[in-house]
Amino acid sequence: MASSGPLMEIKNLETSFFTFSGEVKAVRDVSLAVGRGEILGIVGESGSGKSVTALSVTRLLPENGRVTGGEVLFEGEDLLKKDEKAMRRILNGGISMIFQDPMTSLNPTLRVGTQIAERILAFGRGVSRDEAWRRAVELLRQVKIPEPEKRVHAYPFEMSGGMRQRVMIAAAISTNPRLLIADEPTTALDVTIQNQILRLLRGLRDQIDSSILLITHDLGVVAETCQRVAVMYGGKLMEEGLVGEIFYETAHPYTAGLKKSLPRVDQKRDEALFSIAGSPPSLLNPPAGCPFAARCARAMRVCDEALPPVYHLTPTHRAMCWLHHPDCPGKGEPLA
Ligand SMILES: Nc1ncnc2c1ncn2[C@@H]1O[C@H](COP(=O)(O)OP(=O)(O)OP(=O)(O)O)[C@@H](O)[C@H]1O
Ligand code: SF4
Ligand SMILES: [Mg+2]
């Protein structure tokens, strides 16, 4: 039932994959809230646990994956305790997901209109086929597909990547979800189309009044689209804050590294982009201390020995890093 708290609250989520080599701890003690009507970004390099977080929330993990701890409260109810039928109902109404590659969720053998209409029919009670089809056309118009009356008859392969992504978004919003989870929805697209899709998502948030959880490895996408950001690394949440706090009051060396990897306005065409040296930690055997220690220019002895606590810097800004310990000698020095 509706409650007055955040729309979704992830509490101490732990997710592992059980493989021949052992337990891969992909998400470790992640807590996050998505407010009503907000766009929250989750950002981090490849393998940081962004998709696994989304798949844990929606209970769409592959067979060898399991949530081993925590809670996912959606409108106050724990999704992790729902049976399969109740969960399917939620995924056909309350929460919708958009993936990077539309071809993984669109059926290549069905017209796009049929696919959207079927979703409407499966969800809506007492909706006729004609109504569902008319609504499919309207949805295509809403996601700004030109000539929707004509395109509704097209097959996915007859459309460009950007248009297919719009179809996916139309299908995702056809059930009026309160939460839209978009996992790298623009990564495969060129920059112009990427910007159009992001603008579309922002517009939709206002039109259909839903919250959006936007997963991306691109801090630039976050800056343009989100109000708040969670930065993940090695399955853990490194920093969380308002977009302004993350960009202008950066409180974690990993976030500083991501920021430095963004192309600069004055960047020369042949100048290589900065990238953080080294590679992410093994999640089969995660380090006892800070997961970023091996790559961090500011690492101290304590960083290898103990997991840093989470420091609350403002009511909206927190960071997991020993540099915020009151006795840390380098406390307050600007991050490179
Ligand atoms: N089926 C699986 N079996 C074992 N390990 C897995 C499986 N799926 C994901 N992982 C591991 O979980 C970790 C987190 O993966 P995840 O897909 O969440 O990363 P991501 O942040 O979404 O990265 P990307 O930007 O590449 O999409 C990775 O180390 C990955 O290897
Ligand atoms: S805890 Fe230590 S290693 Fe980790 S980010 Fe902070 S300074 Fe770097
Ligand atoms: Mg991913």
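Indexing begins at 1, ligand by ligand and atom by atom, following the structure's order.
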Which of parallel (below 30°), tilted (30 to 60°) and perpendicular (above 60°) describes Tyr254 and Tyr233?
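It falls in the tilted class, 30° to 60°.
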Measure the spacing between NZ of Lys25 and CG of Leu283 and express it to the nearest 0.5 Å.
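Those atoms lie 10.0 Å apart.
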Interatomic distance, Ile246 atom CD1 to Glu239 atom CD [nearest 0.5 angstrom]:
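If we round to the nearest 0.5 Å, Ile246:CD1 and Glu239:CD are 3.5 Å apart.
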Of the non-hydrogen atoms in Asn107 and Gln115, which two are nearest, and what is the gap between them?
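Residues Asn107 and Gln115, closest heavy atoms: O-NE2, 2.6 Å.
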Using a 4.0 Å heavy-atom cut-off, say whether [X] meets ligand 1 through its side chain, its backbone, both or neither.
X      : answer
Val52  : both
Pro62  : side chain
Glu184 : side chain
His217 : neither
Thr53  : neither
Asp183 : neither

Have a look at [options] and point out the one with the heavy atom closest to [atom].
atom                    : options                        : result
atom 22 (O) of ligand 1 : Ser51, Ser21, Ser16            : Ser51
atom 3 (S) of ligand 2  : Ala251, Pro287, Ala293         : Ala293
atom 8 (Fe) of ligand 2 : Cys328, Cys296, Gly289, Pro309 : Cys296
atom 2 (C) of ligand 1  : Phe20, Phe17, Phe18, Tyr233    : Phe17

Within-shell test, Glu45 vs ligand 1, heavy atom, strictly < 4.0 Å:
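The answer is yes: ligand 1 sits under 4.0 Å from a heavy atom of Glu45.
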Can Gly47 be said to touch ligand 1, with heavy atoms closer than 4.0 Å?
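Yes; Gly47 lies near enough to ligand 1 that a heavy-atom distance drops under 4.0 Å.
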What protein heavy atom sits nearest [atom], and how far off is it?
atom                    : answer
atom 5 (S) of ligand 2  : His252 CE1, 3.5 Å
atom 26 (O) of ligand 1 : Ser46 OG, 2.5 Å
atom 12 (O) of ligand 1 : Ala26 CB, 3.4 Å
atom 25 (O) of ligand 1 : Lys50 NZ, 2.9 Å
atom 1 (N) of ligand 1  : Asn64 OD1, 3.3 Å

Are any of the heavy atoms in Trp322 under 4.0 Å away from ligand 2?
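Under 4.0 Å: yes for Trp322.
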Would you call Glu84-Arg59 a salt bridge at under 4.0 Å N-O?
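Arg59 and Glu84: not salt-bridged.
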Decide, yes or no, whether a salt bridge links Arg135 with Glu138 under the criterion of side-chain N to carboxylate O below 4.0 Å.
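Result for this pair is no, no salt bridge flagged.
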Indicate whether atom 29 (O) of ligand 1 is within a distance of less than 4.0 angstrom of some protein heavy atom.
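Yes.
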Verify the distance test for Cys290 against atom 4 (Fe) of ligand 2: any N/O/S atom under 2.8 Å, yes or no.
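Given the 2.8 Å cut-off, Cys290 counts as a ligand of atom 4 (Fe) of ligand 2.
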Numbering the atoms of ligand 2 from 1, which are under 4.0 Å from a heavy atom of Pro308?
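Answer, ordered by atom number: 1 (S).
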Does the side-chain hydrogen bond (donor to acceptor under 3.5 Å, both in side chains) test come out yes or no for Glu23 and Ser16, once each step is laid out?
CA-CA 6 Å; Glu23 180 180 352; Ser16 288; 2.6 Å; yes
Quick one: look at Met320 and ligand 2, take heavy-atom pairs under 4.0 Å, and tell me if it's side chain, backbone, both or neither.
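Neither part.
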Part of Cys321 with heavy atoms under 4.0 Å of ligand 2, whether side chain, backbone, both or neither
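It is both backbone and side chain that touch ligand 2.
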Should you measure from each heavy atom of Thr19, which atoms of ligand 1 turn up under 4.0 Å away?
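That gives atoms 4 (C) of ligand 1.
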Atom 6 (Fe) of ligand 2 to Cys303: any N/O/S contact under 2.8 Å?
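No.
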Polar side chain donor-acceptor pair, Ser96 to Arg119, under 3.5 angstrom
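On atom types as modelled, these side chains qualify, holding a pair under 3.5 Å.
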For ligand 1, find out whether one of its N or O atoms is nearer than 3.5 Å to an N or O atom of Gly49.
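In this structure, Gly49 places an N or O atom under 3.5 Å from an N or O of ligand 1.
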